[in-house]
2 protein chains.
Amino acid sequence: MIHDEDFDARAADAALTASRALMGVVARSVAGVLEIVTLPQFRVLVLLDTSGPLRMGVLGEAIGVLPSTLSRAIDRIVEAGWVRRTTRPASRREVLIELTPAGQNLVTHALEQRRDNIAKILSALSLDQKSAIVSAFELFARAAGETSSEELLILGI
Amino acid sequence: MIHDEDFDARAADAALTASRALMGVVARSVAGVLEIVTLPQFRVLVLLDTSGPLRMGVLGEAIGVLPSTLSRAIDRIVEAGWVRRTTRPASRREVLIELTPAGQNLVTHALEQRRDNIAKILSALSLDQKSAIVSAFELFARAAGETSSEELLILGI
DNA sequence: CACAACAATTGCAAGTATACATTTATGGCG
DNA sequence: CGCCATAAATGTATACTTGCAATTGTTGTG
């Protein structure tokens, strides 16, 4: 039916427009951080924030870089003070990477800023409107299914 | 009131979750492209797609890089065949950059894929649900206001 | 016309990411 | 214990981005 297709097209367009708005929020929260660390470096920090300390191998696997690449990337963010290398007592050939307090702050701050930005946008709306948005967003997120963290890492989220 | 704050928090959380879902869609559409061009290069292509041919100076200003950086970046994507250099007839010291058909395809394809992904997610929903999502997304996008393209460029959108 | 202003490019240099091959240190197992 | 597998780091090389300074070509103006 023509009408259904029209409606579907409008729905996708609305979602695209909303996605632009949401991405603007994300971009704002990332922009500041990217003046401090590079995107690949931020990916590492975000991953450590959500997963806790990780082995070099696991970390490299997760963000999709070779061990040699990761090793030198870690060199740099250790030097900058965002993470710490720890040899695991149980197996001394394994190296654990963990966020320093400074690294933790960096990630937390970016995420908080994002949340605040969204809250500020919503604050202009009535309770009914907020309620409608909550339901719709929850519905969409469910329909989209689990978003794999690997995908999100591409954009450093 | 406590209840309002609780509700506001839930609203922001729902928006954050939805943003993660939408960002996943974006990330998928960008991931493929990033195996072909770098993020800064893709930023140039997206900007040319939305603004049409641009002078070197304007282009560099828009994406926030020095002229020397841009000049060499353009060298590479000219070499790769995504854009073309044109000297403007009116003022022969100005150089216009424009997408080649190949470059146009690259950007268009990424955007279409993003739209298709969203459409596919929505296709699982009932008409009522879609309708609710459309209204809510449109509402949110309006509340968020215009998202400047400079911000979006950060993420390569 | 000569000279200043402008647009873009080029010279030079450093930082980062990435890849492939090799090396060092450690753990597991016959 | 000796050997092989594993984990990480290093050696070496290339490509991209970025920055500052200097240069080339063009436009506009006194």
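Order of the sequence lines fixes the chain letters, A, B, ..., with proteins taken first and strands second; residue numbering starts at 1 for each chain.
- Counting only residues at least two apart or on different chains, the ring-ring contact (aromatic ring centres under 6.0 Å, His included) pairs with a member in residues 119-143 of chain B are F137(A)-F137(B), F137(A)-F140(B), F140(A)-F137(B).
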Protein N or O to nucleotides 26-30 of chain D N or O, pairs below 3.5 Å:
unit_1, atom_1, unit_2, atom_2, d
dT26(D), OP1, R92(B), NH2, 2.8
dT26(D), O2, R93(B), NH1, 3.1
dT27(D), OP1, R92(B), N, 2.7

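- For E98(B), the side-chain contact (heavy atoms from CB on, under 4.5 Å) partners at least two apart in sequence or on another chain are P53(B), R84(B), T86(B).
- Within the structure, no pair that satisfies the ring-ring contact (aromatic ring centres under 6.0 Å, His included) test touches residues 69-119 of chain A, not counting sequence neighbours.
- In this structure, CZ in R142(B) is found 5.5 Å from CG in L139(B), a value given to the nearest 0.5 Å.
- Atom pair M56(B):CE and dG25(D):C1' shows a separation of 15 Å (rounding to whole Å applied).
- Screening residues 132-141 of chain B for side-chain hydrogen bond (donor to acceptor under 3.5 Å, both in side chains), with sequence neighbours left out, gives R10(A)-E138(B).
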Review point. Just by protein heavy atoms under 4.0 Å, how would nucleotides 11-19 of chain D read 5' to 3' in B, S and -?
Key: BB---SBBB

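- Protein chain A contacts DNA chain C over a range whose 5' and 3' limits, counting nucleotides with an atom under 4.0 angstrom from a non-hydrogen atom, are dT16(C) to dG27(C).
- Applying the salt bridge (charged side-chain N to carboxylate O under 4.0 Å, His left out) test to every pair with at least one member in residues 46-59 of chain A, sequence neighbours left out, gives these pairs: R55(A)-E94(A).
- Residues forming a side-chain contact (heavy atoms from CB on, under 4.5 Å) with T69(A) (at least two apart in sequence, or on another chain): V65(A), L66(A).
- Residues that satisfy the side chain to side chain donor-acceptor pair (under 3.5 Å) test with S71(B), not counting sequence neighbours, are absent from this structure.
- Residues satisfying the salt bridge (Lys or Arg N to Asp or Glu O under 4.0 Å) criterion with R85(B), sequence neighbours excluded, are D75(B).
- Applying the side-chain contact (heavy atoms from CB on, under 4.5 Å) test to A132(A) and every residue at least two apart in sequence or in another chain returns nothing.
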